[in-house]
Structures are given as structure tokens and as C-alpha cells.
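Positions are given from 1 along the sequence. What you see is a predicted model, and the numbers here were worked out from it, not measured in a lab.
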Amino acid sequence: MSSSRDTLHLLLLTKTQNDAEQLISLLRNSGYATRAQSVNSHEQFEESLRSARWDVIVVDPELRDIKFTELLNQVHRLNLDIPVILVPEELDGMLLESALIKGAAAVIPFEESNSLVLTIQKEVKNLRTRQDIRILQVRLREAEKRCRTLLESSRDPIAYIHDGMHVYANQAYLELFGYATAEDLEGVTVLDMIAADSQRDFKNFLKNHQSTIPEGQYIDITSVLGDGSQCAVQVHFSDATYSDEPCTQIQLTRKDNQEELKVELDELRSRDSMTSLYNKEYFLERMTRALDQAVLEKQFSTLMYISIDKFDEITRQVGIKSADEVVKAISTCLAEQAEKYDITARISDDVFAWMMPGGEPNLARELASKLLSSVNQLMIDLEQRTIQPTISIGITMITDNSISPQESLQQAHYAAEAVATENTEQQGNGLHIYMPEDQTESIEVKALQQELSSALRKNTLKLAFQPLISLKGEEGEHYEVLLRLPQNGQSDLSAGDFIHSNDVSDELKIKIDRWVILHSTKLLAEHQRKGNDTRVFINLSSASFRDSGLPAWIQVALKAAGLNHNSVIFQITEEDAVRHTAPAKRFSYQIRASGLSMAVNRFGCELQPLKLLNTVEFDYVKLDGSYTQELGSNAASGKALRTLLEGVHEKGKVSIAPFVESATSVSGIWQYGVHFIQGHYVQAPQNEMSYDFSEE
């Protein structure tokens, strides 16, 4: 299922319907789920602008009776942030200059399809970024209000300093140092509150904190209190922003045995128990700080992703306990290579990370080479045999262009994966510095294919079941079968992220679909034997329904599971059915002739969606998720949904509304006569068919 934001909303003004459909097909072939509307007058254009949300407007500037300059004026008059792209037959210099001056995002000849798709991708990405920034600005204002409240009420003395001067202090801080108001602190340096014998250490620490990635964010000093007495305190540092200016937050804690014990416990919690390197959680925290430094202070860092080559093979050969000795030996090499302010961590069973101040590729290559050489000299004597391990090192720079710690770590991971591609003979034992093209086909596609093939071979794919609830009182239980690809330490990958991708071969898609059919029908049969009247929706890729041998294979699979034909509904997407109409029609005929049912998913995104129902026979119609998610946002969204459902119901089809997330959505959907609802309001996908339908 798609979210509203995943679905590209496209407003078109083209000479012919064929031009509009060609553009939609072009975008879908490029991987976009697209909902489009075509208009042919200024009045329709303004009505569409007012009544719906659009991601991109594509206009043929040579339309009769429609001036593109007026269209741009209409967009600006309504103060809308929507990129407008002109698609003339030929590029003209005067048109290009005029359009850009008037506010068009781009001018691309219609026939230059690749450039047009790339331009739309860029403009949509930029639009999403602007939308995210506006949302983040709102959240930032809310967070700042909450932080100010928490600071004022905190019992811990907290202050903000900039260039050694106080710019803010909370009440606890003022009381500790004997000041009545924050104004009394103006012009007072933080060094005035530190004993003379601690000032040098404080200055050095603050300097390192601002220019490196320190191992700790605190220092023990002696402070001079408001009554003139001295007290041992621990000062915790963190980066902050006050009045839109970068500064440093300091938090003071009086030293005693309890506090020392707390520090020791915090240190233990941040360490990996086997190697004594930092753990992944702490490392990501340090990466976040490094990224903040890169963005705010232009102080860059280097990140290395270090994986042990063929670790699964080593584990099979020597066992888990002995494999741990390999991990310890390599971690020792890493710790010996690291400098004082470097951060080294073990972030998974066979992966280490190394972050250091400075974004210098040549220096990083030199240090990585030294680590490779150090590991290559290891000869680890185990009970069964002697192991000489190797490692692959991926390097990336953390700069002001870095998006997030996870993204930087992923880039370094891609670079490490590239080592095997470059060094096919040894399948590792090398280093690679990340380049943007590392994320493209050569690594990503191969990795995804291998991961899916491995999961299929090892039988580690997972199924989840999400219930559908009848609003018409229909008897029986209904579930949709959802496929998941497990990811180590991360959220499972849903089938929508790979089953429709051109990066996965049709042969592999067919194998995966057949695995889903076999396992879901087996589980369904077991569920029915417990006395449940249950039906399941099983999704198929276009590769499967284009396979002429699938209908006969399905008959054998259902017979082997002991299921009635009315227990299974096969579901394909509207996009696949439109793109491969003839095989979809043939498959639907064969499936329905044998007593099975057919459903179409993500329905309603075509310019004339009801035409498909005249061509391919479907029993169930599941709407695109954007219709449900946009319901209630404006009057036009409800009107579009009502019109679509009226057409579906007139043709005698059973309708399904996905992405129902709240009681408000249910009440909105009810009035349109929808037969079934599905979504987290009913129940999130579960590992078993466990929903209690008797409560409905």
C-alpha cells in the first residue's frame, strides 16, 4: 500500500489525452506511483489548484487559448509552492528565458523523456525538502518552548556560554553562584566561576570540545560558589543554539561518591562487553554530534566502516566461541591504531566503525592501509586451526552535506561492499572511499538480489497478516498476506520496496510469489482446520501473472493444501494491469474460471481508472491509499472519492479502503458505501491471523 506522500500528484495541461497518458506511463516506468488529473482551461486549472494538493504541474506552453504565463500567475496568486514544468515540442531560447523569469521550474522538450523524468525527480525532491523544512521549523519552535520551560524548572544548574561569556543561565545556576537575575551575569565570563588551578584544564577541554570529537563530554573541575567557597563539580558539555546563535550548554553536578559511581556505570553502558570498544548506540550519538559540528561549524570528520571478510564462513569452520577470538583480535588492532580523540566501536557481530576528526581522504586512506596491514599480520591460533582474517574498509566523509548518522553509516557500508567488487580474487581485504555512484546498480542491485535469493534459499522470508473488516456485515474473516524481508538490526523491508523494482529479476519475483502462495495457503489451511471461515488476499507481481504456467501451478498448490478455491483472492496493482493488460486479462479469466477471485490494488490513479474494469475482470477493488489519507483535507478529495466509488459500485465490484488510521476516517468512509476497511485503526500487520472478528 502506498502513502499519500509516496503517491506523486500530477496536474497536466497537454494537447491530447494521449500525451498525458504517455507522460504518466513514463513516470510509472521510472518507479513513481502516480495520481494524475488533466485539465484544459484556466477555470478548471484554478479550481484544481484550490481543491487539491499537487506535487508537479506539467504544461504544454503551445496550448491554444491557454497562456502559460497566466497559469504561473494563478499559482503565485494563490501563494502555492508547486513546481511548474513546461514541455514544448522544441526548446526555444526566448521561451526558456521568459518562463524562468515568470517562475517556471524548468523547460524541457516533451520528447526528451529522460531529461524530463530527471527534472521531475529533482523538483519533487526539492519540494519535499522545502515541506520538511517548514514542518521542522514548526517543530523547532515547539521544542524550544518546551526546552525553555524545562530549563527554568530544572534543579540542575545549567547555563549557555558563547566565546566564554554567559548568554543564559537558569534559576538553579544563578542561585549556586549567588546572582539574583540573569542580567547580573551579563559581562561575566565562565572562567570567573572556576578556581585558578582548574582554569587551564577547562580552557583546553573547551578548545578540544569545539574542534574535535572528544571521548567524553564532561570534565571535573573546582568551582568558586557565590559565597566564596570552593566545590568540586563535574561540568557536562553539549552543543546548543540560543537566539539562533551556536553556543555551548554547560550543566554542573556536585561531585560525590554517588556521582562517581554514576559516571562509571554510564561508561560501562556505552561499551561493548566483548571488545571494550564503544557500542553502536553510543557511536551513533557521537556521529550525531560530529554531523552537527560539520553543519554548524564546518568541522568535518572521517568515518570508516570495517567488516570482517567471510565471517559467516569463519564461524561455521571454528564455531561461535572461537570466532569471538577473531573479533577480539581485530578490535585490538583497531584500538591500537586509533588516536586519542577518535571514536572506535563495534556496531554488529562482525562490523566495526572508526570515526576521527578531519575530513581528509588521503589521510583516511593512509590510516586505513595501516589497519589493513596490521590485520593481515594476524595469525590467530584456535583449537581447530589457525585463522588469518582479512577486513574490508569503507570510508566516507562527514561534511555539511551529510544528511544523518544513519545515511553516513550507509554510505560507508556501500563503500565497504565495493571492496569485494574491486577485489574479486580475494573478495575483500581492501579499502574504498565512498562516491555517490557506489549506491547505483553495481552494488545495490547485486546486494538486493543476493539478499533476496539468500532469504529464499534459507527460508527466512516472513509473512504478516492484516485484517479487513466488512462494513456491510459480510460473514467470514478476511486478511491480506504481506511479505517482509528481515534486516539485521533494522525494520523489516516490505515487499513494496522490492517486488515491483526493476532491480529484481522477473525470475526471482516469480520464485518469491510462489513461496508466498505455498506458505500462506499452508498457514490458511491450518487456520481453517481450527474452525475459522477465513479468506486471504495474496499479492502477485506482474512477472507472475505474465507466467502462463502459474494458473495450473496454483491449482496444484491449493489441492496440496486442501483448500477450497473461494478461500484465496489474488491481487495485482492497477499499474501492472494497465501496463500488461493482455496477460492480466488472460490470467484473470483463467483464475476466475477455476472458482478463485481477483482483486486490483492501488486503484484510481489512472486518468480514466474505470476503463480498466471494462477490460479486466476483478471481484474486489482496493483504492490507492492516498484517497483515504486525503479524505477530509478538502471538499474536492471527498468528491473525487465519491465519484470513483460510485463507478466501482455500479459495476458490481466489492470496494476496499486501505490506510484507515482513525475513527474519524471510518466515519468519513462509511458515508461512501465502502464494503471493507483496512488499516492500523483495525489492526497493524501481525505474524499470525489473530484478529478477533467477533468484536466487530
For residues [X] and [Y], determine if any side-chain heavy atom of one lies less than 4.5 Å from a side-chain heavy atom of the other.
X      : Y      : value
Ile669 : Val666 : no
Met274 : Ser331 : no
Gln121 : Lys125 : no
Arg346 : Ile330 : no
Phe283 : Asp272 : no
Ile133 : Arg130 : no
Asp350 : Val327 : no
Leu80  : Trp54  : no

Tell me whether the count of non-hydrogen atoms from other residues, nucleotides or ligands lying under 6.0 Å of [atom1] in [X] goes above 12.
X      : atom1 : result
Asp81  : CG    : yes
Glu144 : CD    : yes
Lys298 : NZ    : yes
Asp197 : CG    : yes
Gln406 : CD    : yes

Would you find a donor on one side and an acceptor on the other, under 3.5 Å apart, between the side chain of [X] and the backbone of [Y]?
X      : Y      : answer
Thr399 : Phe300 : no
Asp309 : Asn429 : yes
Gln199 : Ile194 : yes
Gln466 : Gln683 : yes
His9   : Arg53  : no
Asp201 : Ser198 : no
Ser229 : Leu225 : no

Legend entry - Reference residue Tyr160; test ring pair (Phe, Tyr, Trp, His ring centres under 6.0 Å); the match among Tyr242, Tyr173, Phe237: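 Going through the options one by one, the only one that passes is Tyr242.
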Looking only at heavy atoms, which two atoms of [X] and [Y] are closest? And how far apart?
X      : Y      : answer
Ala495 : Arg484 : N-NH1, 4.4 Å
Ala368 : Ile393 : O-CD1, 3.6 Å
Ala294 : Asp400 : O-CB, 3.4 Å
Leu277 : Ala335 : CD2-CB, 4.2 Å
Ser402 : Leu291 : CB-CD1, 3.9 Å
Gln678 : Pro467 : CG-O, 3.8 Å

Interatomic spacing from [atom1] in [X] to [atom2] in [Y] - rounded to 0.5 Å:
X      : Y      : atom1 : atom2 : result
Ser374 : Gln337 : OG    : CD    : 5.0 Å
Asn170 : Glu175 : CG    : CD    : 9.0 Å
Ile469 : Tyr691 : CD1   : OH    : 4.0 Å
Ile158 : Ile250 : CD1   : CD1   : 10.0 Å
Thr396 : Met304 : OG1   : CE    : 11.5 Å
Ile343 : Met287 : CD1   : CE    : 11.5 Å

### Steps toward side-chain contact (heavy atoms from CB on, under 4.5 Å) verdict (Leu284, Lys280)
CA-CA 6 Å; Leu284 289 175; Lys280 184 176 182 179; 4.2 Å; yes
_Between Met355 and Ile398, does the side-chain contact (heavy atoms from CB on, under 4.5 Å) criterion hold? Intermediate values first, please._
CA-CA 9 Å; Met355 185 171 61; Ile398 299 177; 3.7 Å; yes
Quick one about Gln234 and Asp220 (side-chain donor to acceptor, distance below 3.5 Å, no hydrogens or angles considered), yes or no?
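Judged by distance alone, the side chains do pair up.
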| request: Ignoring hydrogens and angles, state whether a donor on the side chain of Asn126 or Thr129 is under 3.5 Å from an acceptor on the partner side chain. | output: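 Their side chains do not contain a donor-acceptor pair, so the 3.5 Å distance test is not met.
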**Prompt:** Within 45° of the six-membered ring axis of Tyr278 and under 6.0 Å from that ring's centre, is NZ or CZ of Arg271 located there?
**Reply:**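 Checked: cation-pi criterion met.
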One pair to check against side-chain contact (heavy atoms from CB on, under 4.5 Å): Asp55 and Arg128. What are the steps and the verdict?
CA-CA 9 Å; Asp55 297 313; Arg128 297 284 189 256; 2.9 Å; yes
Any ion pair linking Lys328 and Glu325 (charged N to carboxylate O, less than 4.0 Å)?
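Yes.
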Exercise answer: donor-acceptor pairs, residues 356-365 side-chain atoms, under 3.5 Å, sequence neighbours excluded:
none

request  = Check Asp492, Leu482, Leu463 against Pro685 for a side-chain contact (heavy atoms from CB on, under 4.5 Å) and give me the one that passes.
outcome  =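 For Pro685, the side-chain contact (heavy atoms from CB on, under 4.5 Å) test succeeds with only one of Asp492, Leu482, Leu463, which is Leu482.
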Problem - side-chain hydrogen bond (donor to acceptor under 3.5 Å, both in side chains) evaluation trace for Asn376 with Ser373 - result: CA-CA 5 Å; Asn376 284 336; Ser373 177; over 6 Å; no
